[in-house]
Trainee: 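Pasting a structure below so you can have a look.
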Amino acid sequence: MISNPASQPSETNRFERTKIKEAVIEIVSDSGEGAQKCGQSLGAISAKMGNGVWTVEIIPAEIQPPARSKAGASGIRVRMGSNKITNMGDHADLVVALNEQVLYGRIDQNAYKPGTYLLIENKWATHTEETAIAYKESIEHFKELGYYIFEIPMEKECLKHVSDAKKGKNMWVLGLLCNLYDRDLEIAANQVKYIFRKKDEKIIQSNLDLLFAGYEYANENFPMHFTIPSKLSEEDYVVMNGNEAISLGVMAAGIEVCSMYPITPATSATHAMAETIESAGGIIHQAEDEIAAIGFAVGASYAGKTAVTITSGPGIALKTEFIGLAIMAEIPLVIIDVQRGGPSTGLPTKVEQGDLLAVLYGAPGDAPKVVLAPSTIEECFHFVILARKLAESFRTPVFVLTDANLATGVQPFPRPKIKAEWFPEPLDQSPWKEGVKVYDWDKNTGISKRPIPGQKGGMYTLTGLAHDEDSHVAYDPAINQRAVESRSRKLAALRETLKPPTIHGDEEGDLLLVGWGSTRGAIEEAAERAREKGAKVSSIHLRFLSPMEPGLKNIFDKFKKVMTVEINYSDTVGNPLITAENRRYSQLAWYLRAQTLTDIDCLSNVYGQPMSPIQILQRLEKELNLTLID
Amino acid sequence: MISNPASQPSETNRFERTKIKEAVIEIVSDSGEGAQKCGQSLGAISAKMGNGVWTVEIIPAEIQPPARSKAGASGIRVRMGSNKITNMGDHADLVVALNEQVLYGRIDQNAYKPGTYLLIENKWATHTEETAIAYKESIEHFKELGYYIFEIPMEKECLKHVSDAKKGKNMWVLGLLCNLYDRDLEIAANQVKYIFRKKDEKIIQSNLDLLFAGYEYANENFPMHFTIPSKLSEEDYVVMNGNEAISLGVMAAGIEVCSMYPITPATSATHAMAETIESAGGIIHQAEDEIAAIGFAVGASYAGKTAVTITSGPGIALKTEFIGLAIMAEIPLVIIDVQRGGPSTGLPTKVEQGDLLAVLYGAPGDAPKVVLAPSTIEECFHFVILARKLAESFRTPVFVLTDANLATGVQPFPRPKIKAEWFPEPLDQSPWKEGVKVYDWDKNTGISKRPIPGQKGGMYTLTGLAHDEDSHVAYDPAINQRAVESRSRKLAALRETLKPPTIHGDEEGDLLLVGWGSTRGAIEEAAERAREKGAKVSSIHLRFLSPMEPGLKNIFDKFKKVMTVEINYSDTVGNPLITAENRRYSQLAWYLRAQTLTDIDCLSNVYGQPMSPIQILQRLEKELNLTLID
Amino acid sequence: MISFQPDFCEIALPEEGHYSIEDYGSSKARWCSGCGAHTILHSVQKLCEDEQLPPEKTVFVSGIGCSSRFPHYMKTYGFHGLHGRALPVASGVKFRRPDLNVFVITGDGDCCSIGAGHWVHGIRYNMKMVVLLFDNSIYGLTKKQTSPTSPLGTHSNTHPRGSVIPPINPIQSTLGFANVSFVAQTIDWKPAHLNATLKKAFDHPGLAFVRIVQRCPIWMRDTYEPTVKDPNALTLLDHEDGIVLDEKAKSTFRHIEQHDPSDLLKAREMAELVKETTPIGLFYQNKNAIRYDEYGAHNLGISVEERIGAINTLMDRYAI
Amino acid sequence: MISFQPDFCEIALPEEGHYSIEDYGSSKARWCSGCGAHTILHSVQKLCEDEQLPPEKTVFVSGIGCSSRFPHYMKTYGFHGLHGRALPVASGVKFRRPDLNVFVITGDGDCCSIGAGHWVHGIRYNMKMVVLLFDNSIYGLTKKQTSPTSPLGTHSNTHPRGSVIPPINPIQSTLGFANVSFVAQTIDWKPAHLNATLKKAFDHPGLAFVRIVQRCPIWMRDTYEPTVKDPNALTLLDHEDGIVLDEKAKSTFRHIEQHDPSDLLKAREMAELVKETTPIGLFYQNKNAIRYDEYGAHNLGISVEERIGAINTLMDRYAI
Ligand SMILES: Cc1ncc(C[n+]2csc(CCOP(=O)(O)OP(=O)(O)O)c2C)c(N)n1
Ligand SMILES: Cc1ncc(C[n+]2csc(CCOP(=O)(O)OP(=O)(O)O)c2C)c(N)n1
Ligand code: SF4
Ligand code: SF4
Ligand SMILES: [Mg+2]
Ligand SMILES: [Mg+2]
């Protein structure tokens, strides 16, 4: 067994700790240096202590970008606090950098502010001459930018315990951070043991050594030590990212066929389930392309097996034709779109909410479908289950729109108790009721029940041609009108079951923020912070995009101004040639304008970054003419 | 040489003719009986006489539908008048039917009204017993429906002149119609000679015989004879359908590569040019699928060769990903979508304007593009030329949206004089100007000029990834924002050059009809007829859908109500569950609501039929509470 | 019938008596008169009868084209989907439904042009199904455009001066695809051979790819007529492991070549014959090729409890 | 260089002196260190230098993947397009631009999975271009998913228990496609063979398809290392009409087989070798296959007057 080593820190609390409500910490490095593992562990430890946590990965565009380069910034941001944390926050409070160059990548992205602590590996100061010069210049530059710099001999310290510092530096940093932020060392040690559970004992031991050494180092060498009060919940919690939540959701929904073609940032959802799904009664089919992936899912669903296809923007584009068929022939299907920056190949690893209109309108002809957008990691899990149910009940494709921010953001949430009732009914192979039509569209709801191969007497030929209730090719023009109407009616029927969205804040005021998807945490936090400063700002967050949640017009009417907050493109009035008349709006804004005829403004950008509360607050300051940011 | 035969009718005007302003005539039959040729000839003869003409084909869904069946109705409608004719009109005035069963197909489509003359081949009355019974029942039924019936021994009459009546009956009918409507027999004879110019003299002769015989028969056997005054124009005219106009437009635009995959109703545009395009300096590439078709066109365009791809709805769906790339990388390209009934395979031979939103929003991410919609056959020709110019000037894909109604509708228009300036500049192979960026986005217009392979010093790598001015992959988030902005700005820049649409009718009033595409003739005619009855109705017709023509809001504000007229789907308020709040609107209506925040209603359906003036008038009656239909 | 997954294979015999050929016919087929598709339809219905396939356990999946209308004329389950996409759909149907008899109907444009990528991979998946390529060497439904199997120089509406690229030999191509397990060729106008081929294909434990040379009298009379009329135009591939005809049927062939269908290299040589004659028969069969549908079915029937257990085990990893 | 269309072929020699290999290099290649793509890049740049290709007359077209980043590292024209779609784009580039040297860079996923349909048809079009398949038997860029050429049982992120479908043999498949005219295989770690293969491919008057076995040390070290390390793992296909190596280079091979690249049937037999060894060399070449790019260029250079004349003649048909 592994015992805590001799070097275990002796006095852990010999100084006064500053009590803080939350902290935003980053670890950045070249890729392959384990920064992400370090941050994930910090997040997990904090979550186990009962803190609110949100972590988000910092991913370079290449697999092996050049070392020590701006483009190479790889790492993680961890935001943790006493309360629930729902987004990545604004600027980092403290950053650990394994080299100084990668910091430029983050500075470009406006991740830091004057006063941010930068803890930088100092071995570069004595590296090659070229490197040393670059290092020193950067340190000067950072100081000018107002950051507080700690140059730290990380490698040197690690080499006291291991022969190859590259492998263990991340655990040393973890120890250091655990001390600075008062993390429970036992929980931390257990976390390290868990990470290396498949390795041999020597490796576990040396990583524990490093953890403790880092912890000890922080004891000795830092002027500032914090604590973030936490309260352990009674409930069981799990902590994972949105793609992992989707992956568990797929299995918990009882989906049998997950048909996909790899594409960033969607694929990791498949990776997360790949080991388990076969024991959970399903199989992943990696198809030859996205068209085949959805075609295969459609075939499986036609044959009565519940199916999902998971993709991102370019994949959605390719699936467009099959989406039209699924709608036309009323095939239940869950389609998950983990949105990334567009158009085209765009920004494959970055976030955008740019597919809303494409999903709503992409297929030629009238193609009504259900569109859901989870707004938290937890919802990523539950919405897949919901989507499967809706798909089968309404005999239609259901979209689940997430994005790269949800995909990689990590957050604890109450552990779901998997229920048998989330699974679909067993394959119905009873004889088809005589006389019932294949599309026996209910006059009021448009809903009908489908025969499944194997059901005696249910034989029919599904077709993408316009068809009548018997699925026979329609020659009479009136039939097409009736069929299209019936498919559209299903949306109205589903809408009947929805409640108006909850208003966060007062029911009336100066400004209503409207969001969807991953921006929820940032919007609600910004609005709350603004309200604390006296702003009359409320927010709503839409989770059904099609059909729309009811009552929007009524809600909008009680605010002087309505504005969506979205991570996608809109023209900015005032830019050359752009006027209120010709402005191209953000996607939800556009949609809500048509729907409610309200003059809805939008705050949006395509920086490929998650929306931060401060970006929203900056805009609120302008809109409301108030000072909202300290 | 062929001389007019002995049987030439002696007295052609021995009776008083009723002067009429216009007539709607149909010839319907099983397919393969030459009804279309007959109607096309009647249209051409009338156009040559200086009458306004619109013809539209009646096409069954199968290549060889069962004979004498409702589903088999194949034929043509010809509307001709003293003035310009812009649409297929309301109900037919006179119908020639080669069998009585096919009439049911048309009756289902509401093509006739009480009082319509039906001229029916009577050979079926003495055919097999079964047929004879069906025939008689139908005749009785038609009488009940209020049609005037003429049972005509067409076959018998033809057999007086030829041994196989099947081949020539259509020319006999043509002769008959020429007499009934006072068509110039010399022009008619020349038309017959033209049709059979590649056949031997005997065949030409026997068809002329039939023409004259039919003419003579009408002299003797009909109580009603009409004349439609006409005025021969000085200008040269051509008469063709929309796909033929597109085909000529492609060549006149100097497009070198027409890359396509067959799909109804778009393919016939390619057929029309297939013989000629190689002499006109271009080539048709029939690709392995729609994706390859656009990819090939994109490649050709990248290499500096102007390219077009022609398709219909399902093809647009498949091209979605490449459309995104073309927008992202700013590749000039003309994309022609001959819309058909959707969604999915839908109604392949029928008309719908169902692709507008898919074309506008189909590609994930922000994908601004230019969208044009010709509204007449003539515009089908000219808009391709315009589209090519816009594509090159604005370095962007340009869509041309037509539909099955324009594709098959035939109308005369002034013969375009092909101009060298319609052709693109010769391939620029001069050295690229040093220092000019590959995407040197103009601050005000977003426009930049592209290097073309072969240009020294212009070497760059085009990419669908987010990129900067050098076409280098963008790592800095601000670059993406600037790039997306620049692409969007191009639309604003183009919009600056556009004029507000012309208002047909008064500039203010009770109701403004807004249309786009093929419905123009029907809308303007309906509005005019309504105005004649005192209704305060005006209309505008949009030909630029993206960017939108300016000034719409101002125009809308002067009318009590604004309503689009479109051939696509909208929910009907009052149907189960459908309310003003949840209603799904027609596509242009939806778009204009978002753009102008005007409460725009819509008149629409998905019967797969061209919009007729009377359908619009019926709705106007309701909206305005007036009697507008006699 | 092959019972390849004893636990889940429920290809059952009719419970209530015998199915007659009429039991498989739906509405009147709306192909042109003289179209080769009619005879194939009849032959397929006969196969269904001979094998007594329960209509409710039988699925015909097609793409788009004249040929792809086929499922509408069968009184079984059918899926008339998208142009070129029959194979992915059929694979999805079969993946978790080993009890269903799956047939794919596709055209030369559908399979070899827009569907070519799925063709490569469908063959590779080698799921138990019969794939019938109705090859009329033309785009029928869309009215005579060049297809990838149109002979060089074919005059079509897209190539009025004659097509310019050599045609695909679907047999040769398929024989080059990974994991290919059954490739045969037949013609629509020799029912004995057609029937025997369908039977052999149906019995194959894997994906049986059958190219049927199909007459399209509307657009391609000139192309197929010489083959139909000239008794020298066909070569019968004969072997005891191949398509076995009775002596009478065999006697109608002037050219007969012995060909062992287990020899893949030889099969590829035979496929080149096409340049002079139309070889019909079984080119290749391998009953032991890996089947992806067996993998697809391997974990059917896990209990709800086990499934929940597995999910919870994974969930544990995320527990804090 | 082959001047196949004397009127329009302007593959010109550099006007201003000699291009050096640096003239073809753009920004530093961002592949992982040890990635086989680096050596291929170098070899291609060497080819450009040897052939003195004017950079402005040279276009590299790729799809998406690690390999498809290639054009960014060349200082020529480049088109880094969509996943799987390099071939249609390249065909469009070449169709009316016989003066351009066109290269296609594609990956095993790009070419054989999502691009498989275009692969079938790109080969068939047989336009003069060099197609380099960087086959690392894995999805590199998206981080280790099974590719269609992954050996059976490959452990990947989508198949953690090992892949279940036999891989595609790209050589064999290509040899079965219609109108195939040049198929070769090489490896990234024997520069002499790689260089000679590229040269042979470049000289081919048609589409030269070259599969390059490419090392991906990040995800596939275990797969390629045996081939790299075991001197028995390669078989050199040798022939005077094939890839000709000097004696020194040849002496590094333990297994050498004579193979006449004009023999298509034999080439298919050789392609089966892959099961035991990696055969490298020229499998097949036919210099006389029909070229669609020649058709594409046949009516270049018609005068504006002639073009207008043709349009007017057609317009006359519609005149009234
Ligand atoms: C995506 C798409 N592209 C094109 C079409 C139009 N289309 C329908 S059938 C067909 C080709 C038919 O040829 P083939 O597959 O050989 O079948 P056949 O009609 O000859 O039996 C085409 C191009 C379509 N329906 N969908
Ligand atoms: C339409 C589409 N689907 C999926 C992807 C994601 N994707 C990028 S590269 C790639 C596969 C890469 O594998 P391969 O072609 O073998 O190239 P390699 O990276 O191994 O060189 C995939 C699936 C994409 N960019 N576009
Ligand atoms: S067009 Fe040809 S293939 Fe199609 S139904 Fe008619 S004969 Fe058969
Ligand atoms: S992941 Fe593999 S293929 Fe991609 S760059 Fe790295 S080593 Fe090369
Ligand atoms: Mg065909
Ligand atoms: Mg690869």
Side-chain angles (χ1 to χ4, degrees), chain C residues 84-85 91 111-127 148-150 152-153 159 161-181 183 263-272 274 286 289-296 298-299, chain D residues 84-85 91 111-127 148-150 152-153 159 161-181 183 263-272 274 286 289-296 298-299:
Chain C
R85 317 299 173 191
S91 306
C111 176
C112 308
S113 195
I114 190 169
H118 310 306
W119 177 27
V120 172
H121 288 272
I123 296 292
R124 181 171 168 246
Y125 296 147
N126 192 35
M127 299 197 183
T149 64
S150 299
L152 196 64
H159 294 103
R161 301 169 190 196
S163 65
V164 297
I165 320 174
I168 286 177
N169 174 342
I171 297 292
Q172 188 64 274
S173 296
T174 308
L175 289 170
F177 297 160
N179 209 26
V180 57
S181 75
V183 179
D263 186 343
L264 181 54
L265 289 174
K266 196 75 206 209
R268 292 181 183 136
E269 209 174 315
M270 286 293 167
E272 294 293 324
V274 96
N286 169 9
I290 290 183
R291 272 176 49 193
Y292 188 37
D293 54 336
E294 289 189 342
Y295 178 71
H298 84 273
N299 67 339
Chain D
R85 318 297 173 190
S91 306
C111 176
C112 308
S113 196
I114 190 169
H118 309 308
W119 177 28
V120 172
H121 288 272
I123 296 293
R124 182 174 167 243
Y125 296 149
N126 192 36
M127 298 198 185
T149 64
S150 300
L152 196 64
H159 294 104
R161 302 170 190 195
S163 64
V164 297
I165 319 174
I168 286 179
N169 174 344
I171 298 291
Q172 188 64 273
S173 296
T174 308
L175 289 170
F177 297 161
N179 208 29
V180 56
S181 75
V183 180
D263 186 343
L264 180 55
L265 289 174
K266 194 79 207 214
R268 291 180 182 136
E269 209 174 317
M270 286 293 166
E272 293 294 324
V274 97
N286 170 9
I290 289 183
R291 275 176 47 195
Y292 189 36
D293 53 337
E294 290 190 341
Y295 179 72
H298 84 275
N299 65 340

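Order of the sequence lines sets the chain letters (A, B, ...), proteins ahead of strands, with each chain counted from 1.
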Trainee: For P166(C) versus A178(D), what's the shortest heavy-atom pair and its separation?
Mentor: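 Shortest heavy-atom contact: O-CB, 4.3 Å.
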Trainee: What part of P167(C) gets closer than 4.5 Å to chain D, counting heavy atoms only: side chain, backbone, both or neither?
Mentor: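 For P167(C), the backbone is the part near chain D, not the side chain.
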Trainee: So which atom in A116(D) and which in G117(C) form the shortest heavy-atom distance, rounded to 0.1 Å?
Mentor: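 Nearest pair, atom of A116(D) first, then G117(C): CB-CA, 3.8 Å.
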Trainee: Where on Y292(C) is there a heavy atom nearer than 4.5 Å to chain D: the side chain, the backbone, both, or neither?
Mentor: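 Looking at Y292(C), just its side chain touches chain D.
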Trainee: Listed by chain and number, what are the side-chain hydrogen bond (donor to acceptor under 3.5 Å, both in side chains) partners of T174(D), not counting sequence neighbours?
Mentor: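 Applying side-chain hydrogen bond (donor to acceptor under 3.5 Å, both in side chains) to T174(D) gives W119(D).
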Trainee: Counting only heavy atoms closer than 4.5 Å, note whether V120(C) contacts chain D via side chain, backbone, both or neither.
Mentor: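 V120(C) touches chain D through side-chain heavy atoms alone.
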Trainee: How many angstroms lie between atom OG of S173(C) and atom CZ of R124(D), to the nearest 0.5 angstrom?
Mentor: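 Rounded to the nearest 0.5 Å, the OG-CZ separation comes to 10.0 Å.
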Trainee: For the interface with chain C, which of I165(D), I168(D), L152(D) has the highest count of heavy-atom pairs at distances below 4.5 Å?
Mentor: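 Between I165(D), I168(D), L152(D), the count favours I165(D).
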Trainee: Indicate yes or no: does K266(D) engage E269(C) in a salt bridge with an N to O separation below 4.0 Å.
Mentor: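 Here K266(D) does not pair with E269(C) in a salt bridge, since their nearest N and O are not under 4.0 Å apart.
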Trainee: If every non-hydrogen atom of P148(D) is compared with every non-hydrogen atom of H121(C), which pair is closest and at what distance?
Mentor: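 Nearest pair, atom of P148(D) first, then H121(C): CB-CE1, 3.9 Å.
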Trainee: What residues form a side-chain contact (heavy atoms from CB on, under 4.5 Å) with N169(C), not counting sequence neighbours?
Mentor: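 With sequence neighbours excluded, N169(C) shows a side-chain contact (heavy atoms from CB on, under 4.5 Å) to I171(C), Q172(C), A271(C), V274(C), given in chain and number order.
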